Amino acid sequence: MYSAEEVLLGKKDPGASTVIVGGGLVGCETALWLADQVKKVTLVEMQEDISTVGGPLCHANEDMLRDLVAYKDIHLLTNAKIVDANDQEFVLQTKDGEETILNADSAILAVGYTPQQSLYEDIQNEVSESYLIGDAKQVQNIMYAVWDAYEVTRNI
């Protein structure tokens, strides 16, 4: 079991076949990246659809993400959660019942990111002007980070 960050930074090799838990932006983009490396990818999301958490994407990006997941033949399971796992299989509960994924080399967690504010807290009283923006303020997507930065610079 690895975090998406460990895999994306090259710290861990997920093997030839992996299950990604979390169909948000990080999970989808990790799945696409691994599919480009000719890895067999199953993407598991508890919600009814992918990209429902973390603030809305612009429609063009969201549509492209869905189309690419389908085009790259990523096995997508929504309304699903892993209920059991061992060395040979992952057992999922889906809206249609139970499904088993056999022989995956790894699972990648792409869920539950939280803001990291320690740097801001360390410097806020030492620097005359410091601003909390982007994922440090609230984990979302890059569009919101750019908007945060725009608002801060506009008001300086």
Side-chain angles (χ1 to χ4, degrees), residues 1-121 132-150:
M1 177 128 354
Y2 309 123
S3 71
E5 180 181 346
E6 290 173 314
V7 172
L8 292 169
L9 291 173
K11 294 179 179 178
K12 300 292 182 180
D13 178 5
S17 176
T18 190
V19 175
I20 298 177
V21 180
L25 196 55
V26 172
C28 289
E29 289 182 346
T30 302
L32 292 170
W33 183 68
L34 291 171
D36 282 344
Q37 298 173 38
V38 195
K39 309 247 186 220
K40 181 180 177 189
V41 179
T42 300
L43 185 58
V44 178
E45 171 56 47
M46 284 182 62
Q47 304 293 323
E48 287 185 35
D49 201 1
I50 58 173
S51 298
T52 57
V53 180
L57 293 174
C58 85
H59 292 294
N61 289 356
E62 190 171 350
D63 291 345
M64 182 184 70
L65 192 64
R66 289 176 205 292
D67 291 346
L68 283 171
V69 166
Y71 177 75
K72 302 232 182 223
D73 202 27
I74 294 167
H75 185 204
L76 176 61
L77 296 167
T78 57
N79 285 320
K81 63 182 178 180
I82 296 175
V83 293
D84 194 19
N86 60 48
D87 290 342
Q88 278 75 43
E89 65 186 15
F90 290 92
V91 180
L92 289 82
Q93 183 64 47
T94 71
K95 65 180 180 181
D96 298 324
E98 209 168 76
E99 183 166 333
T100 301
I101 300 170
L102 297 172
N103 301 321
D105 297 317
S106 65
I108 300 170
L109 294 179
V111 294
Y113 289 91
T114 57
Q116 176 53 263
Q117 300 175 350
S118 60
L119 176 60
Y120 174 76
E121 291 166 357
L132 186 61
I133 64 171
D135 281 356
K137 181 178 175 185
Q138 181 178 348
V139 176
Q140 295 184 48
N141 61 54
I142 194 165
M143 179 174 62
Y144 291 97
V146 170
W147 287 347
D148 281 352
Y150 170 77

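From a predicted model like this one, the values you see are computed outputs, not experimental measurements.
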Quiz item: How long is the span from the CG atom in Leu77 to the CD atom in Gln93, to the nearest 0.5 Å?
Solution: 12.0 Å
Quiz item: What pairs of residues pass the salt bridge (charged side-chain N to carboxylate O under 4.0 Å, His left out) test when at least one of them lies in residues 132-145, not counting sequence neighbours?
Solution: Lys137-Asp148
Self-check item: Residue list, ring-ring contact (aromatic ring centres under 6.0 Å, His included) with Trp33, at least two apart or on another chain
Solution: none
Quiz item: When you look at CD of Glu5, are more than 12 heavy atoms from neighbouring residues, nucleotides or ligands closer to it than 6.0 Å?
Solution: no
Quiz item: If you measure from CG on Leu65 to CD1 on Ile50, what distance do you get to the nearest 0.5 Å?
Solution: 5.0 Å
Self-check item: Pairwise distance CD1(Ile74) to CG(Leu34) - rounded to 0.5 angstrom
Solution: 8.5 Å
Quiz item: Can you tell me how far CD1 of Ile82 sits from OG1 of Thr42, rounded to the nearest 0.5 angstrom?
Solution: 9.5 Å
Quiz prompt | With sequence neighbours excluded, residues passing side chain to side chain donor-acceptor pair (under 3.5 Å) with Gln116 | solution = Ser118
Self-check item: Closest contact, heavy atoms only, Pro115 versus Ala136
Solution: CB-O, 3.2 Å
Quiz item: Ion pair present between Asp49 and Arg66, side-chain N to carboxylate O less than 4.0 angstrom?
Solution: yes
Quiz item: Restricting to pairs with a member in residues 67-92, which pass side-chain hydrogen bond (donor to acceptor under 3.5 Å, both in side chains), not counting sequence neighbours?
Solution: Asp36-Lys72
Practice problem: Determine the minimum heavy-atom distance between Tyr120 and Leu132, stating which atoms define it. | Solution: CE1-N, 3.7 Å
Quiz item: Taking only residues two or more places apart in sequence or in another chain, which ones pass side chain to side chain contact (heavy atoms under 4.5 Å, CB included) with Tyr150?
Solution: Arg154
Self-check item: Residues that Thr100 engages under side chain to side chain donor-acceptor pair (under 3.5 Å), provided they are two or more places apart
Solution: none
Self-check item: Set of residues satisfying side chain to side chain donor-acceptor pair (under 3.5 Å) with respect to Glu98, sequence neighbours excluded
Solution: none
Quiz item: Looking at residues at least two apart in the chain, or sitting in another chain, which of them share a side chain to side chain contact (heavy atoms under 4.5 Å, CB included) with Met1?
Solution: Ala107, Leu109
Quiz item: Any sub-3.5 Å donor-acceptor pair from Glu45's side-chain atoms to Gln47's backbone N or O?
Solution: yes
N/O donor to acceptor pairs below 3.5 angstrom from side-chain atoms of residues 9-30, sequence neighbours left out:
from  : atom 1 : to     : atom 2 : distance (Å)
Asp13 : OD1    : Gly15  : N      : 3.0
Thr18 : OG1    : Ser106 : O      : 3.2
Thr18 : OG1    : Ser106 : OG     : 2.9
Thr30 : OG1    : Val26  : O      : 2.7

Exercise. Calculate, to the nearest 0.5 Å, the distance between atoms CG and OH belonging to Leu8 and Tyr2 respectively.
Key: 14.0 Å
